[in-house]
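Indexing begins at 1, ligand by ligand and atom by atom, following the structure's order.
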Amino acid sequence: VPLVVTADGTSLVAPAEGELAAHVGLSTIPTADFYDLVVVGGGPAGLGAAVYGASEGLRTVLVEREATGGQAGQSSRIENYLGFPDGVSGAQLTDRARRQALKFGTEILSAREVVGLDAAGSGRVVRFGQGSAITAHTVVLATGVSYRRLATSSLDEFTGAGVFYGSTVTEAITCSGEEVYLVGGANSAGQAAVYLSRYARRVHLLIRGAELSGSMSRYLIEQIGGIDHIVVHPWTEVAGGKGDGHLQQLTLRDVRSGATDSVDSSWLFVFIGAEPRTEWLEGVVERDARGFVITGPDLVADGQRPANWPLPRDPYHLESSVPGVFAAGDVRAASLKRVASAVGDGAMAISLVHRYLESQ
Ligand SMILES: Cc1cc2nc3c(=O)[nH]c(=O)nc-3n(C[C@H](O)[C@H](O)[C@H](O)COP(=O)(O)OP(=O)(O)OC[C@H]3O[C@@H](n4cnc5c(N)ncnc54)[C@H](O)[C@@H]3O)c2cc1C
């Protein structure tokens, strides 16, 4: 396992992501060597950039290391995205965006991780893990953020076997009638708690502080307050876990007294913040201390442009320290970490791509 039987009856035993993608009709190999625009990352920012780029006539390729959707694709219900008064599932929203990008002619490569970026003259070279590369006039970096891991190593072996980071949608149904633990005090944790409560016997929400009000939107706190079988445990953290191939028991710790307690549970969902995974941009574009890509006016300090900046103008608003390379969405330093702002960044990046191309 996993065994995958595709629609045409082919059996794939423990397939690699690329092999699986190819069998379910997703492209993994670029059709050209050169594009106007490479978008790295297929979350809302990348899909936004692809839709606007391709619809405005740019030869656009989007490269995604897994499947399109990003964090938003993990969200069971997005309630605050403009135009959806009854909310929309993240998977539905991003699948529509993917189809829209394809309709306008974007080439989407799935299961391809980008591991390097070089500026070679006016070309921008994007390198893949498997050794090949594509070149373009411009690049939009839209690689978002990844969920932070719990510090306790005793849980490592249960990742995917009872312990899940930043996801609930696919696992929720398997938690039917069970006691489920969830770590985190922000909106993503609140949404997950509400969603899991439809299936679980009881959802235990663990927060290290005294209450949710400092970190979660009021509408979610109200929803949680109205669901009897969501129990909020203040001042509580996860200290460890045990199991035999699958999580079976958790150790909880009171952060004030240090006292610990063991509880039986096969399910732990973790939403404790996220960080950008931009190590591959080290030494190429300027990043802040946490790894977020610095853009536009934030690159100009005391009237000084970034080191090695070659042009007689300041970087455009979403432009990185390499001309023609832009950052959009959660990966950008000082971004808002919302679906709407990621999509907005993607759209704005394209108007700046045009400005860059016209000035070449
Ligand atoms: C559970 C959950 C619920 C949320 N709910 C809401 C909500 O209700 N409202 C709201 O406004 N926001 C919500 N958010 C936040 C919102 O989803 C994010 O702000 C948004 O998805 C950011 O979009 P992005 O495109 O910048 O990055 P992401 O969504 O993180 O997408 C980045 C993509 O890039 C890919 N990638 C990363 N590195 C590489 C690489 N090297 N090569 C190729 N591909 C790469 C990743 O696989 C990923 O698909 C939620 C987030 C989560 C996790």
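Under 4.0 Å is where a charged nitrogen must lie from a carboxylate oxygen, and between Asp36 and Arg59 at least one such pair does.
Between the side chain of Trp309 and the main chain of Leu311, a donor-acceptor pair closer than 3.5 Å is present. Of the possible donor and acceptor atoms, none in the side chain of Ser75 sits under 3.5 Å from a partner among the backbone N and O of Ala72. Listed for the Asp118 side chain is no donor-acceptor partner under 3.5 Å among the backbone atoms of Ala120.
No hydrogens or angles considered: nothing links the side chains of Gln360 and Ser122 as a donor-acceptor pair under 3.5 Å. Side-chain contact of Arg112 with Ser132: a donor-acceptor pair under 3.5 Å is present, judged by distance alone. Judged purely by distance below 3.5 Å, without hydrogens or angles, the side chains of Ser27 and Glu107 never pair a donor atom with an acceptor atom.
Taking CG of Leu58 as the start and OG1 of Thr60 as the end, the distance is 5.0 Å to the nearest 0.5 Å. Here the CZ-CG distance, from Arg77 to Leu93, works out to 11.0 Å after rounding to the nearest 0.5 Å.
For the residues Val40, Leu281, Asn80, Val339, the heavy atom positioned nearest atom 9 (N) of ligand 1 is part of Asn80. Summarising the contacts of atom 8 (O) of ligand 1 with Gln191, Gln71, Glu279, Glu79, the nearest heavy atom is found in Gln191. Counting only non-hydrogen atoms, the option in Ser188, Ala189, Ala49 that gets closest to atom 2 (C) of ligand 1 is Ser188.
For ligand 1 and Gly42, the ligand atoms under 4.0 Å from any heavy atom of the residue are 33 (C), 34 (O). Taking every non-hydrogen atom of Gly329 and a distance limit under 4.0 Å, the qualifying atoms of ligand 1 come out as 26 (O). Listed by atom number, the atoms of ligand 1 under 4.0 Å from Ala142 heavy atoms are 32 (C), 33 (C), 34 (O). Ligand-side atoms of ligand 1 in range of Lys337: 19 (O), range being under 4.0 angstrom from any heavy atom.
Using cut-offs of 30° and 60° on the angle between ring planes, the pair Phe326 and Tyr356 is perpendicular.
The shortest separation from a heavy atom of Trp280 to ligand 1 is under 4.0 Å, placing the residue in contact. In this structure, Glu64 has a heavy atom closer than 4.0 Å to ligand 1. Residue contact check for ligand 1: Arg112 places a non-hydrogen atom closer than 4.0 Å to it.
Taking any N or O of Gln74, backbone or side chain, none lies under 3.5 Å from an N or O belonging to ligand 1. Between Ile78 and ligand 1, a contact under 3.5 Å exists for no N or O pair. At a 3.5 angstrom cut-off on N or O pairs, Ala340 does not count as close to ligand 1. Taking any N or O of Pro44, backbone or side chain, at least one lies under 3.5 Å from an N or O belonging to ligand 1.
Looking at Val145 against ligand 1, only its backbone comes within 4.0 Å, counting heavy atoms. Contacts with ligand 1 closer than 4.0 Å are made by side-chain heavy atoms of Tyr147 only, the backbone lying farther away. In Val63, the part holding a heavy atom less than 4.0 Å from any atom of ligand 1 is the backbone. Using a 4.0 Å cut-off between heavy atoms, Ala342 contacts ligand 1 through its side chain alone, with no backbone atom that close.
Heavy atoms from other residues, nucleotides or ligands lying under 6.0 Å from CD1 of Ile29 number 12 at most.
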